[in-house]
Amino acid sequence: MKITQVHPHFGAEITGLSLNADVPESVITELKDALAEYGVVVIRDQQALSDDEQIEFCRRFGTLQKSITLHRKDTVRRLTRDELTDLSNIDENGLRMDPNDTRRSLQKPGQLWHSDNSFRSPPGLYTFLKAKIVPPEGGDTEFADMRAAYDALDEATRQKVTGLEVRHSLAWSREQAGSPPLSPTEQANIPESVQPLVRVHPKTGRKSLYLSSHGRDVLGMSDADGRALLQELNAFSTQPQFVYRHKWRDGDFVVWDNRSTMHRATPFPEDKYQRDMRRTSIEDNEVAIAAEPVGAA
Ligand code: OGA
Ligand code: MN
């Protein structure tokens, strides 16, 4: 396989690799190393990877997460495996959804910068997103390197953020995106989480800002001060120099490390085109490593 970096800070394209459930362990190790180094890897030409194979491949990296769409009893799931999250605008009959379909509205927080499943405990580790149908225009996904953003902080800000904890909530990002509120079943099954604001990657030792649109407030700060801090850090870390914009090709299989990157979906003409994206994810059940306060023993 050939690995080519796609952005000065992060991101890599991998060609010459054919994925299925039987890839050798050495390839899994190489991919984990690439994810630690690059944060995002774009594996081209995986048209042949079926949903079942994607799930089995993903399992090699850790514990699979079930889709939270299972808790939305008022919507029909097109994809039947519990591990698959459908990020498409296609209904159970294979037809393009009305852009106002509840399922589509529930995907709107994806257009805000986020780290997947940061509102869950354990949160998301790797996300695997397979492009089955790509619209001819729009629908790119943007990624931000949260390690490069951390590295670029001034010393006073680093001191300020280290040791802080943030409360993450799906209800909050839904509200920010203008999505429907949590249903009773979602409320009963998807509690809030608390996450460190600065994390240390267990493999590389690099620190990153752990931000997400799900992040609602900072523990120990007033709501207004916490939100102002999160907004300021979000604006800082999504400046163009930290962002890679991925233009999807059919068969792209993109994998990212949610500890060191954020991402967001961008719009496309929903009234014209289908976009079919299928997601699996792994939970971060290693102990979440928070950075020690600067100067701590
Ligand atoms: C995701 C996600 C963005 C997109 O899969 O978690 O946010 O462009 N996807 O579909
Ligand atoms: Mn996402």
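Below, each value reflects all heavy atoms present in this structure, side chains not excepted, and no hydrogens, waters or symmetry copies. Quick caveat, the model's predicted, so the values are computed rather than measured. Both ligands and their constituent atoms are indexed starting at 1 by order of listing.
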Assign the ring pair Phe236 / Phe242 to parallel, tilted or perpendicular, where the plane angle (0 to 90°) is split at 30° and 60°.
-> tilted
Atoms in ligand 1 flagged as close to Leu87, the criterion being non-hydrogen separation under 4.0 Å | 1 (C), 5 (O)
Is there a nitrogen or oxygen of Thr266 sitting under 3.5 Å from a nitrogen or oxygen of ligand 1?
-> no
Identity and distance of the protein heavy atom lying nearest atom 3 (C) of ligand 1 | Ala265 CB, 3.7 Å
Lys66, NZ atom: more than 12 neighbouring heavy atoms under 6.0 Å | no
Which bit of His114 is near ligand 1, meaning a heavy atom under 4.0 Å away: side chain, backbone, both or neither?
-> side chain
Any salt bridge between Asp33 and Lys203, counting N to O under 4.0 Å?
-> yes
Tell me which protein heavy atom sits closest to atom 8 (O) of ligand 1, plus the residue, atom name and distance to 0.1 Å.
-> Thr141 OG1, 2.6 Å
Ligand 1 versus Arg279: contacting region, heavy-atom distance under 4.0 Å = side chain
Which of the ligand 1 atoms, numbered from 1, are nearer than 4.0 Å to a heavy atom of Asp116 = 6 (O)
Using a strict cut-off of 4.0 Å, indicate which atoms of ligand 1 neighbour a heavy atom of His263.
-> 1 (C), 2 (C), 6 (O), 7 (O)
Asp51 and Arg81 ion-paired at < 4.0 Å | no
Distance flag, aromatic centroids of Phe128 and Phe61, threshold under 6.0 Å | yes
So is Trp113 close enough to ligand 1, meaning a heavy atom under 4.0 angstrom away?
-> no
Pair Ser50, Asp52: side-chain N/O donor-acceptor within cut-off below 3.5 Å | no
Between NE2 of His263 and NE2 of His114, what angle is found at the Mn ion (ligand 2), rounded to 10 degrees?
-> 90°
Closest non-hydrogen protein atom to atom 9 (N) of ligand 1, residue and atom name please, with distance?
-> Leu129 CD2, 3.8 Å
Do Glu92 and Arg103 meet the salt-bridge criterion of a basic N to acidic O distance under 4.0 Å?
-> yes
Pick out which of Met262, Arg245, His263 makes a side-chain contact (heavy atoms from CB on, under 4.5 Å) with Phe143.
-> His263
State, to 0.1 Å, how close Leu112 and Ser173 come at their nearest heavy-atom pair, and which atoms those are.
-> CD1-O, 4.1 Å
Ligand 1 contact by Arg275, heavy-atom criterion under 4.0 angstrom = yes
Which bit of Phe128 is near ligand 1, meaning a heavy atom under 4.0 Å away: side chain, backbone, both or neither?
-> neither
Looking at Asp116, pick out the N, O or S atom nearest to the Mn ion (ligand 2) and give its name.
-> OD1
